[in-house]
Amino acid sequence: MATTPGAARPTVRSTVHGYPRIGPDRELKRAGESYWKGGITAREFDAVASELRRGVYAQLREAGVDDLPSNTFSPYDHVLDTAVLFDLVPSRFPSPAQAGDRDEQLRRYFALARGEQGAPPLEMTKWFDTNYHYLVPELSPSTRPRLVGDKPVAEFREASEAGFRTRPVLLGPLTFLLLAKAADDAPEGWEPIELLDQLLDAYARLLGDLEEAGATEVQLDEPILATDEGRAAVGHLERVYQRLGSLTERPSLLVSTYFGSIGAAALRVLKDSPVEAVGLDLVTDPEGVEDLAAVSGLGATRLVAGVVDGRNVWRTDLPAAAAELGTLLALTDELTVSTSCSLLHVPIDLDAETDLAPELRGALAFARQKAEEVALLGRVLSEGADTGFDAVGTRSPSFTDARVRARLDALGPDAYERPQERGTPTDTSLTTTTIGSFPQTPELRRARAAHRRGELPTEEYKRILRAEIDRVIALQEEIGLDVLVHGEPERNDMVQYFAEQLEGYATTRNGWVQSYGSRCVRPPILFGDVSRPEPMTVEWITYAQSRTDKPVKGMLTGPVTMLAWSFVRTDQPLGETALQVGLALRDEVADLERAGIRHIQVDEAALRELLPLREERRQAYLDWAVRSFRLATSGVAPTTTVHTHMCYSEFNQIVGGIEALDADVTSVEAARSRMELVAALGRRGYRRGIGPGVYDIHSPRVPSVEEIEASLRLAVRHVDAGNLWVNPDCGLKTRGYAEAEQALRNMVEAARRVRAEIGARTPTGG
């Protein structure tokens with residue numbers, strides 16, 4: 001980093017865009033689930049939330065961060081918070097009779113997320129290309145945006161009273177509207193962006209309230225600008241920030257963008273607007289620096305430079321980051337060091353991990369450590385002291401396995417192709433099945449924990465697992481499902497389970513990250529070349545198959561999903577790493593087939609999730625994603641049925657990729673999205689098996705037979721009944737047996753009725 005001799009060093013501050021909100025011991029998860037069950041009141045839930053917020057402020061201050069964000073906490077989802085804040089709620093969720101009734105407010109809030117009898121929840125989908133899920137607002141021309149809540153103001157005041165000066169964070173109006181969907185009653189062709197002017201009125205009032213409360217700066221998050229849709233909305237962007245920037249009663253405005261470059265056009269609009277600061281992600285996409293050069297720098301507009309990766313767990317190369325920040329000082333009059341995005345996407349504290357290998361642990365940084373990196377970089381630029389770099393360390397060394405690389409090099413083109421002439425998956429229409437997991441009872445979780453601690457002998461643990469498989473198989477036979485699953489009682493998580501058995505992966509004890517609401521996962525760390533030392537699932541699948549004459553599916557997690565839901569090494573292209581995982585899974589698929597399993601499901605729940613936000617980069621991604629899946633599955637005989645499954649996402653953008661996987665049956669989320677993908681596949685003449693979810697497992701609602709019938713009738717309008725499978729949206733692990741069993745009974749009965757109605761073939765068993 002160079003400075004002019006004799007010149008005063010600039011004052012460089014530090015901040016983060018956001019921080020994990022679940023709590024160091026997942027306190028938010030436990031409080032939410034307790035509230036849903038009636039174990040605590042709304043007031044008690046709020047007390048837990050308040051304590052979590054104060055803990056975040058204290059941790060950031062201890063890390064040395066100068067500027068602290070607030071309103072980054074959410075009871076469930078920040079997009080939902082925005083919808084509720086501005087009264088953008090569907091009419092099926094009426095407002096509380098008494099405006100001040102906190103219990104009724106919180107009940108309604110969670111009903112929007114989880115649904116209730118007679119009121120299906122809002123649609124859920126992935127937050128850009130992350131594994132975080134948000135609730136999709138439903139808007140129509142009759143919607144009237146208006147400020148009805150005070151959450152950002154209340155949390156700012158709460159922080160102030162606790163001695164913390166904060167910067168309230170809001171979801172930007174452009175991102176909110178472009179992520180929203182038109183409600184079913186909206187006229188064809190109407191788009192939520194038409195509500196922009198009304199929504200800006202509500203934002204203007206909120207900014208005034210925040211200024212009155214004492215806020216000196218507000219952050220408005222506009223990650224939509226990293227997408228093609230956002231880049232095409234430059235005209236709307238200009239309207240938004242000319243309008244909000246021109247308000248006379250407002251705090252300073254920081255427009256924060258992340259998940260990629262926003263392009264020179266959008267950056268020029270922000271530079272020329274009255275906003276005081278712009279945040280850029282300079283980790284995800286190196287074009288961000290090019291954008292700055294293209295607009296000749298930001299001048300008087302402060303740059304909040306995201307140089308510490310907010311989405312992965314590797315330590316920052318601090319000397320390189322400091323050098324980059326030094327060059328950025330020539331492009332702005334004022335600089336703040338920050339993370340590339342909110343730290344919501346990484347675990348909280350590396351200090352909670354004591355079992356990782358020292359050489360790996362020394363290369364990692366979780367949220368707390370990343371906040372320390374940001375603070376250190378700010379001090380270095382302000383004070384010129386760089387002696388702290390040696391103590392902190394940088395990225396990890398490479399971990400390679402020559403045997404894995406030699407096997408991949410030896411593969412020919414036939415390793416990625418299946419025979420075109422294949423057997424028929426089943427001899428039925430509207431074949432019923434489930435996605436994989438069955439409810440994990442408290443007893444099962446306790447047994448797994450006791451076995452992990454060494455308190456339960458392995459043979460006794462296996463006896464418990466076999467008993468649970470017996471229960472699941474018997475229940476499915478009694479309900480009348482056609483293709484069964486073993487229920488996955490041995491698995492803690494669909495990625496972690498396999499990561500624990502693959503070379504090249506490490507797992508954590510406390511590395512929890514929020515996926516949605518109270519759902520938290522522990523993404524494993526993929527640090528080296530991947531291989532499979534021994535079979536991972538064969539024992540359990542073959543045991544389940546021995547208990548029934550009906551077919552049982554083998555269940556594996558696909559290579560793209562193993563990457564998407566892990567923290568992945570950055571020293572080689574993702575496509576190369578995906579092929580290594582695909583090769584390891586190919587060995588498992590071969591062992592399952594040799595054991596007599598004729599239905600094998602390789603879940604690619606995250607195929608859409610990793611899709612680049614820009615169209616120009618998508619085909620290259622789909623090429624390696626499809627190639628890794630086909631490597632895992634193309635070694636099977638023509639008589640073996642290959643299934644795959646995909647979770648909450650907007651799938652219409654990857655229909656071609658779904659076809660290219662060459663799976664015999666694809667099951668997808670569809671209950672909340674009203675069969676949109678099925679219609680798209682029908683228009684393309686899709687001829688393989690498709691299983692649109694008819695039971696939303698992320699909601700405690702049990703769909704009626706009639707509700708499922710309606711979904712199936714809609715599906716058979718677009719797809720031949722012989723290719724249609726009937727299944728839930730996803731695995732049943734998070735549900736209880738009572739609700740799951742009733743929902744499956746309703747599903748089987750609905751399939752029977754529709755099958756009879758259309759005169760389709762009836763099931764004949766295995």
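- Counting only heavy atoms from C-beta outward, the side chains of R108 and S95 approach each other to under 4.5 Å.
- Here E707 pairs with R701 in a salt bridge; the nearest charged N to carboxylate O distance falls below 4.0 Å.
- Remark: R471 is positioned above the aromatic ring of Y737, its terminal NZ or CZ atom under 6.0 angstrom from the ring centre and at most 45 degrees off the axis.
- Counting non-hydrogen atoms of other residues, nucleotides and ligands closer than 6.0 Å to CD of Q742 gives a total above 12.
- Checked for salt-bridge contact, R54 and E51 meet the test: a charged N lies under 4.0 Å from a carboxylate O.
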Practice prompt. Would you check, one step at a time, whether the test side-chain hydrogen bond (donor to acceptor under 3.5 Å, both in side chains) holds for S140 with S142?
Written response: CA-CA 5 Å; S140 70; S142 61; 2.9 Å; yes
Worksheet item: Could you go step by step and tell me if L206 and V153 meet the side-chain contact (heavy atoms from CB on, under 4.5 Å) rule?
Response: CA-CA 8 Å; L206 176 58; V153 177; 4.1 Å; yes
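- D209 has its side chain out of reach of P152: every pair of non-hydrogen atoms, C-beta onward, lies at least 4.5 Å apart.
- Using modelled atom types, one side-chain atom of R735 and one backbone atom of I697 make a donor-acceptor pair closer than 3.5 Å.
- Ring centers of F110 and Y35: under 6.0 Å apart, within the cut-off.
- Checked against the 6.0 Å centroid threshold, H78 and F176 do not count as a close aromatic pair.
- Counted by atom type alone, N727 and Y695 present zero donor-acceptor pairs between their side chains at under 3.5 Å.
- A donor-acceptor pair under 3.5 Å links the side-chain atoms of T15 to the main chain of D67, judged by distance alone.
- The ring of Y258 has its center no closer than 6.0 angstrom to the ring center of F128.
- S518 and E33 share a donor-acceptor pair across their side chains, judged by distance under 3.5 Å alone.
- Taking D103 as the reference, nothing meets the salt bridge (Lys or Arg N to Asp or Glu O under 4.0 Å) condition, with sequence neighbours excluded.
- Considering only heavy atoms from C-beta on, L244 comes within 4.5 Å of Y203 through its side chain.
- With Y57 contributing its side chain and A162 its backbone, the two residues share no donor-acceptor pair below 3.5 Å.
- Taken from CZ in F366 to NZ in K370, the straight-line distance is 9.5 Å, to the nearest 0.5 Å.
- In the model, Q514 has a side-chain atom that pairs as donor or acceptor with a side-chain atom of R21 under 3.5 Å.
- A donor atom on one side chain and an acceptor atom on the other are found under 3.5 Å apart for Q59 and Y19.
- In terms of modelled atom types and a separation under 3.5 Å, the side chain of S437 and the main chain of K733 share a donor-acceptor contact.
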Item to complete: With salt bridge (Lys or Arg N to Asp or Glu O under 4.0 Å) as the test, would you mind laying out the steps for E443 and R446 before giving the verdict?
Response: CA-CA 5 Å; E443 295 79 13; R446 283 196 292 270; 3.8 Å; yes
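- In this structure, the separation between CD1 on I464 and OG1 on T441 is 9.5 Å, given to the nearest 0.5 Å.
- At least one donor-acceptor pair closer than 3.5 Å links the side chain of S14 to the backbone N or O of D66.
- Within the 4.5 Å cutoff, no side-chain heavy atoms of D221 are placed close to those of T175.
- T339 and H17 are not linked by any side-chain donor-acceptor pair at a separation below 3.5 angstrom, with hydrogens and angles left out of the test.
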Discussion item. Walk me through whether L28 and V48 qualify under side-chain contact (heavy atoms from CB on, under 4.5 Å).
Written reply: CA-CA 7 Å; L28 177 61; V48 172; over 6 Å; no
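- Using a distance-only test at 3.5 Å, with no hydrogens or angles considered, no donor-acceptor pair links the side chain of T257 to the main chain of P223.
- Using modelled atom types, one side-chain atom of R522 and one backbone atom of R509 make a donor-acceptor pair closer than 3.5 Å.
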Discussion item. Using the rule given for side-chain contact (heavy atoms from CB on, under 4.5 Å), can you reason through D150 versus F156, listing the C-alpha separation, both sets of side-chain angles and the distance that settles it, and then say yes or no?
Written reply: CA-CA 10 Å; D150 68 346; F156 172 80; over 6 Å; no
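- Distance check: E222 CD to L178 CG gives 8.5 Å after rounding to the nearest 0.5 Å.
- Between D87 and R146 there is a salt bridge, with a side-chain nitrogen of the basic residue lying less than 4.0 Å from a carboxylate oxygen of the acidic one.
- For the atom pair OG (S256) and CD (Q219), the distance works out to 4.5 Å, reported to the nearest 0.5 Å.
- Q198 CD: more than 12 foreign heavy atoms inside a 6.0 Å radius.
- Note that CZ of R30 is 14.0 Å distant from CZ of F45, once rounded to the nearest 0.5 Å.
- Side chains of E155 and S70: no donor on one and acceptor on the other come within 3.5 Å.
- The residues D493 and R519 are annotated as salt-bridged, a charged nitrogen and a carboxylate oxygen being separated by less than 4.0 angstrom.
- A 4.5 Å side-chain heavy-atom check between S566 and I525 finds every atom pair outside the cut-off.
- Taking a cutoff of 4.0 Å between a charged side-chain nitrogen and a carboxylate oxygen, E609 and K126 qualify as a salt bridge.
- Salt bridge annotation for R250-E276: present, with a cationic side-chain nitrogen under 4.0 angstrom from a carboxylate oxygen.
- At a threshold of 4.0 Å, the pair E741-R745 counts as salt-bridged, since one of the basic side-chain nitrogens sits closer than that to a carboxylate oxygen.
- Separation of atoms CD (E669) and CG (D696) is listed at 7.5 Å; rounding is to 0.5 Å.
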Item to complete: Report the C-alpha separation of H133 and S515 in whole Å, then their side-chain angles, then the decisive distance to 0.1 Å, and conclude whether the side-chain hydrogen bond (donor to acceptor under 3.5 Å, both in side chains) test is met.
Response: CA-CA 6 Å; H133 303 62; S515 179; 3.2 Å; yes
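- Counting only N and O atoms by type, the side chains of Q369 and D349 include a donor and acceptor under 3.5 Å apart.
- K181 has no carboxylate O lying under 4.0 Å from a charged side-chain N of E138, or vice versa, which leaves the two without a salt bridge.
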Item to complete: Check the pair Y132 / D77 against side-chain hydrogen bond (donor to acceptor under 3.5 Å, both in side chains), numbers first and verdict last.
Response: CA-CA 9 Å; Y132 178 79; D77 167 53; 2.7 Å; yes
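- Two residues are said to be in side-chain contact when any heavy atoms from C-beta on lie closer than 4.5 Å; L254 and V218 fail this criterion.
- Side-chain atoms of P524 and T508, non-hydrogen and from C-beta on, never get closer than 4.5 Å to each other.
- In this structure, the side chain of R144 engages the main chain of P141 through a donor-acceptor pair within 3.5 Å.
- Between the side chain of E353 and the backbone N or O of N510 there is at least one donor-acceptor pair closer than 3.5 Å.
- Here the side chains of P137 and L177 are not in contact, with every heavy-atom distance at 4.5 Å or above.
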Worksheet entry | Verdict with reasoning, C341 to R311, per side-chain contact (heavy atoms from CB on, under 4.5 Å) | CA-CA 7 Å; C341 62; R311 292 180 57 176; 3.4 Å; yes
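- The only member of S699, P90, P700 that meets side chain to side chain contact (heavy atoms under 4.5 Å, CB included) when paired with P121 is S699.
- Between the side chain of S711 and the backbone N or O of V694, no donor-acceptor pair lies under 3.5 Å.
- Ring planes of W127 and Y134: perpendicular class, angle over 60° (limits at 30 and 60°).
- Note on E490 versus R448: no salt bridge recorded, every NZ/NE/NH1/NH2 to OD/OE distance being 4.0 Å or above.
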